[in-house]
There are 2 protein chains.
Amino acid sequence: MKDNQPILEVDRIIHEPARLLIMTILSMAEKADFLFLLTETGLTRGNLSTHLSKLEDTGYVEIEKTYRGKIPQTLCAITPAGLEAFEKYRKQINKFLKR
Amino acid sequence: MKDNQPILEVDRIIHEPARLLIMTILSMAEKADFLFLLTETGLTRGNLSTHLSKLEDTGYVEIEKTYRGKIPQTLCAITPAGLEAFEKYRKQINKFLKR
DNA sequence: ATAAACAAGTTTGTAATACAAACCGGTTTG
DNA sequence: CAAACCGGTTTGTATTACAAACTTGTTTAT
């Protein structure tokens, strides 16, 4: 018990590897479009789509739909809440894994 | 893609917070019994039991059943494979979260 | 013109889970 | 000897993560 338990309460939204990767990328770029995330993560389109939706539902990512010419484009950006949750997650994990 | 993908391949057996906690404790003690793990992790008996079974099935933990007087006792120890997997996991996550 | 291929995503189906709650075989207590 | 307790295990359920199928629109070929 004691100060072990925090690890049991890590944010599962971020803990999922695919989403951790997405959040990491979005925390560095101000905006990223779907296709960039697609190649950068190596996820399938289906899975990238569902993970982004979940991040959006949670309020960690904001999704803006525009067009690049006639072709649809989905722009993604991390929200302040997302960035905060991401930093908190990193601190928790780092602290736990240090010895 | 590139050197992001390793994070997508983290060992899910260890990545699960409850098991990460169990493995962390077992990596420090040589042996731990069920009740020690129970209080130390704060998990329910049911969940501790199933997580230990999964770790055992994976070959990361060895479980020895004995008696303390007339009362059953379950002793748990990390295996070499388990320790190796645990260290690998830590390295992967640490490396990913740096930067 | 219209069919076939392509682009950019979304939705659906399924199998694998994590957790809680119920259960179980023995032991001690009232 | 019944009830409570110990030390767990098994079962039931709701959530998931992923793959595969689908959708809406655009471009290319015929």
Side-chain angles (χ1 to χ4, degrees), chain A residues 1 4-23 25-26 31-58 60-77 89, chain B residues 1 4-23 25-26 31-58 60-77 89:
Chain A
M1 61 170 85
N4 288 340
Q5 267 130 340
I7 196 65
L8 297 179
E9 282 147 26
V10 288
D11 187 335
R12 300 263 182 170
I13 294 295
I14 295 181
H15 192 58
E16 170 61 30
R19 287 190 296 262
L20 178 54
L21 179 49
I22 293 170
M23 290 295 278
I25 294 170
L26 291 182
K31 271 177 190 209
D33 74 2
F34 190 92
L35 293 178
F36 176 76
L37 289 173
L38 191 63
T39 62
E40 205 66 12
T41 61
L43 294 168
T44 62
R45 284 166 306 168
N47 293 337
L48 178 55
S49 177
T50 52
H51 284 307
L52 284 174
S53 292
K54 177 159 282 197
L55 289 169
E56 186 185 20
D57 294 348
T58 310
Y60 289 176
V61 163
E62 218 164 29
I63 293 180
E64 180 191 357
K65 280 163 174 320
T66 65
Y67 283 89
R68 186 167 29 94
K70 296 182 170 183
I71 288 171
Q73 187 185 33
T74 298
L75 290 171
C76 310
Y89 173 85
Chain B
M1 62 170 82
N4 288 340
Q5 267 130 341
I7 196 66
L8 296 179
E9 281 146 29
V10 288
D11 188 336
R12 300 262 182 172
I13 294 296
I14 295 180
H15 192 58
E16 170 62 29
R19 288 189 297 262
L20 179 55
L21 180 49
I22 293 169
M23 291 294 279
I25 294 169
L26 291 181
K31 272 179 191 209
D33 73 1
F34 190 91
L35 293 179
F36 176 75
L37 289 173
L38 192 63
T39 60
E40 204 67 12
T41 61
L43 293 169
T44 63
R45 283 165 299 153
N47 294 337
L48 178 56
S49 177
T50 52
H51 284 306
L52 283 173
S53 292
K54 178 159 281 198
L55 288 169
E56 186 185 21
D57 294 347
T58 311
Y60 289 175
V61 163
E62 219 164 28
I63 293 180
E64 181 191 356
K65 277 160 178 320
T66 65
Y67 283 89
R68 186 166 28 95
K70 298 183 169 181
I71 287 172
Q73 187 184 34
T74 298
L75 291 171
C76 310
Y89 173 85

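Convention: sequence-line order gives letters A, B, ...; per-chain numbering from 1.
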Just the rounded figure in Å: distance from [atom2] of [N] to [atom1] of [X].
X: A/L43; N: C/dT10; atom1: CG; atom2: C1'; value: 15 Å
X: A/Y67; N: C/dA8; atom1: OH; atom2: C1'; value: 10 Å
X: A/D57; N: D/dT15; atom1: CG; atom2: P; value: 14 Å
X: A/D11; N: D/dT16; atom1: CG; atom2: P; value: 12 Å
X: A/L48; N: C/dG9; atom1: CG; atom2: P; value: 9 Å
X: B/L21; N: C/dA18; atom1: CG; atom2: P; value: 14 Å
X: B/K70; N: C/dT29; atom1: NZ; atom2: C1'; value: 14 Å
X: A/L37; N: C/dG9; atom1: CG; atom2: C1'; value: 13 Å

- State the OG1-CG distance between B/T74 and B/L38, to the nearest 0.5 angstrom.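 It comes to 11.0 Å.
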Are any side-chain N or O atoms of [X] and backbone N or O atoms of [Y], one a donor and one an acceptor, separated by less than 3.5 Å?
X: A/R19; Y: A/I13; value: yes
X: B/H15; Y: B/Y89; value: no
X: A/T41; Y: A/L43; value: yes
X: A/S53; Y: A/S49; value: yes

Considering all heavy atoms of both residues, which atom of [X] and which atom of [Y] are nearest to each other, and what is their separation?
X: A/K54; Y: A/T58; answer: O-OG1, 2.7 Å
X: A/F34; Y: A/R45; answer: CZ-O, 3.6 Å
X: B/C76; Y: B/L26; answer: O-CD2, 3.7 Å
X: B/L8; Y: A/A18; answer: CD2-CA, 3.5 Å

- Task: Taking only heavy atoms on the protein side, list every residue of residues 12-19 of chain B lying under 4.0 Å from any atom of DNA chain C, sorted numerically.
- Result: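 Within this stretch, B/E16, B/R19 sit under 4.0 Å of the strand.
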- Short side-chain N/O contact to C/dT17 OP1/OP2 from B/H51, under 4.0 Å: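 Answer no for this pair, as no side-chain N or O of B/H51 is under 4.0 Å from OP1 or OP2.
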Might you list the N or O atoms of the protein lying below 3.5 Å from N or O atoms in nucleotides 5-9 of chain D, with each pair's distance?
residue: D/dG7; atom: OP1; partner: B/R68; partner atom: NH2; Å: 3.1
residue: D/dG7; atom: O3'; partner: B/P72; partner atom: O; Å: 3.4
residue: D/dG7; atom: N7; partner: B/R45; partner atom: NH1; Å: 3.0
residue: D/dG8; atom: OP1; partner: B/T74; partner atom: N; Å: 3.0
residue: D/dG8; atom: OP1; partner: B/T74; partner atom: OG1; Å: 2.2
residue: D/dG8; atom: N7; partner: B/R45; partner atom: NH1; Å: 3.0
residue: D/dG8; atom: O6; partner: B/R45; partner atom: NH1; Å: 3.4
residue: D/dT9; atom: OP1; partner: B/K65; partner atom: NZ; Å: 3.0
residue: D/dT9; atom: OP2; partner: B/S49; partner atom: OG; Å: 2.5

